[in-house]
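What follows is a single structure, written as structure tokens, with notes after it.
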Amino acid sequence: MDFSQNNQTKEMAYDLRQIYAKLVGDHMVDIAECRKANSFYNWFKALQDLHTIVHHKFKDKENIEKKYTNLITTATNVANQHVATWQGTNFNPQEISKIDRALRDIEEFLYEQMEEAKIFGEGGKQSHF
């Protein structure tokens, strides 16, 4: 491979990493917007979409997927127990709290796994506020 082909390959790899980073970031924004709006179904779908995009980066896939599946099952069960609240037609604070917690558990889990997989970069853990 000559120098120009090698340089093109590096540029393409860089471009793909940039596209991937933007895609992950866009999904994280979607999740935040749904969470803030208490749009439970859309929040759930956005979390599933993020999982689809990032799960290939996870270490120890078998255990992570088992935990993720348990969290999804819990959220689905809570949604089925409180359908009107899930759909946004009932505003019972206790039900909202249960659904919110189940979805936050999924979100927090995904972000933890993303951090462990270094999707945020190598320097992410060195940041102190």
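FYI, the numbering just counts along the sequence from 1. This is a predicted model, so every value here is computed, not measured. The figures that follow rest on heavy atoms only: side chains count, while hydrogens, waters and symmetry mates do not.
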Look up atom [atom1] in [X] and atom [atom2] in [Y], then write down how far apart they are to the nearest 0.5 Å.
X: Leu71; Y: Glu107; atom1: CG; atom2: CD; result: 12.0 Å
X: Glu95; Y: Lys98; atom1: CD; atom2: NZ; result: 7.0 Å
X: His56; Y: Lys61; atom1: NE2; atom2: NZ; result: 8.0 Å
X: Asp60; Y: Lys67; atom1: CG; atom2: NZ; result: 13.0 Å

Inset, instruction - Ignoring hydrogens and angles, tell me if any N or O in the side chain of Thr76 forms a donor-acceptor pair with the backbone of Ile72 under 3.5 Å. - result: yes
Atom [atom1] of [X]: over 12 foreign heavy atoms under 6.0 Å:
X: Lys66; atom1: NZ; answer: no
X: Gln18; atom1: CD; answer: yes
X: Tyr20; atom1: OH; answer: yes

Legend entry - Chi angles and distances behind the side-chain contact (heavy atoms from CB on, under 4.5 Å) call for Ile53, His27: CA-CA 9 Å; Ile53 301 238; His27 278 76; 3.5 Å; yes
Inset, instruction - State whether Arg101 and Asp105 are salt-bridged, where the test is any N-O pair (Lys NZ or Arg NE/NH1/NH2 against Asp/Glu carboxylate O) under 4.0 Å. - result: yes
Legend entry - Option among Ile96, Val78, Asp100, Asn38 that satisfies the side-chain contact (heavy atoms from CB on, under 4.5 Å) test with Thr85: Ile96
Inset, instruction - Check Ile106, Ile31, Asp26 against Leu50 for a side-chain contact (heavy atoms from CB on, under 4.5 Å) and give me the one that passes. - result: Ile31
Where [X] and [Y] come nearest, the two heavy atoms and their spacing:
X: Leu103; Y: Trp43; value: CD1-CE3, 3.2 Å
X: Leu47; Y: Tyr68; value: O-OH, 4.4 Å
X: Phe44; Y: Trp86; value: CB-CH2, 3.6 Å
X: Ala117; Y: Lys57; value: CB-O, 3.3 Å
X: Glu65; Y: His55; value: OE2-CB, 3.7 Å
X: Arg35; Y: Arg104; value: CD-NH1, 3.5 Å

Inset, instruction - Report yes if the side chains of Met114 and Phe120 come closer than 4.5 Å at any heavy-atom pair, otherwise no. - result: yes
Inset, instruction - For Glu115 and Tyr111, run side-chain hydrogen bond (donor to acceptor under 3.5 Å, both in side chains): C-alpha distance rounded to whole Å, both residues' side-chain angles, the deciding distance at 0.1 Å, then the answer. - result: CA-CA 6 Å; Glu115 179 70 32; Tyr111 291 156; over 6 Å; no
Legend entry - ILVMFWY network linking Val29 to Val24, side-chain heavy atoms under 4.5 angstrom: no
Inset, instruction - Say whether Val83 and Ile99 are linked into one hydrophobic cluster, either directly or through other cluster members, by side-chain heavy-atom distances under 4.5 angstrom. - result: no
Legend entry - Criterion side-chain contact (heavy atoms from CB on, under 4.5 Å) on Asn63 and Phe58, from CA distance to verdict: CA-CA 10 Å; Asn63 286 330; Phe58 295 163; over 6 Å; no
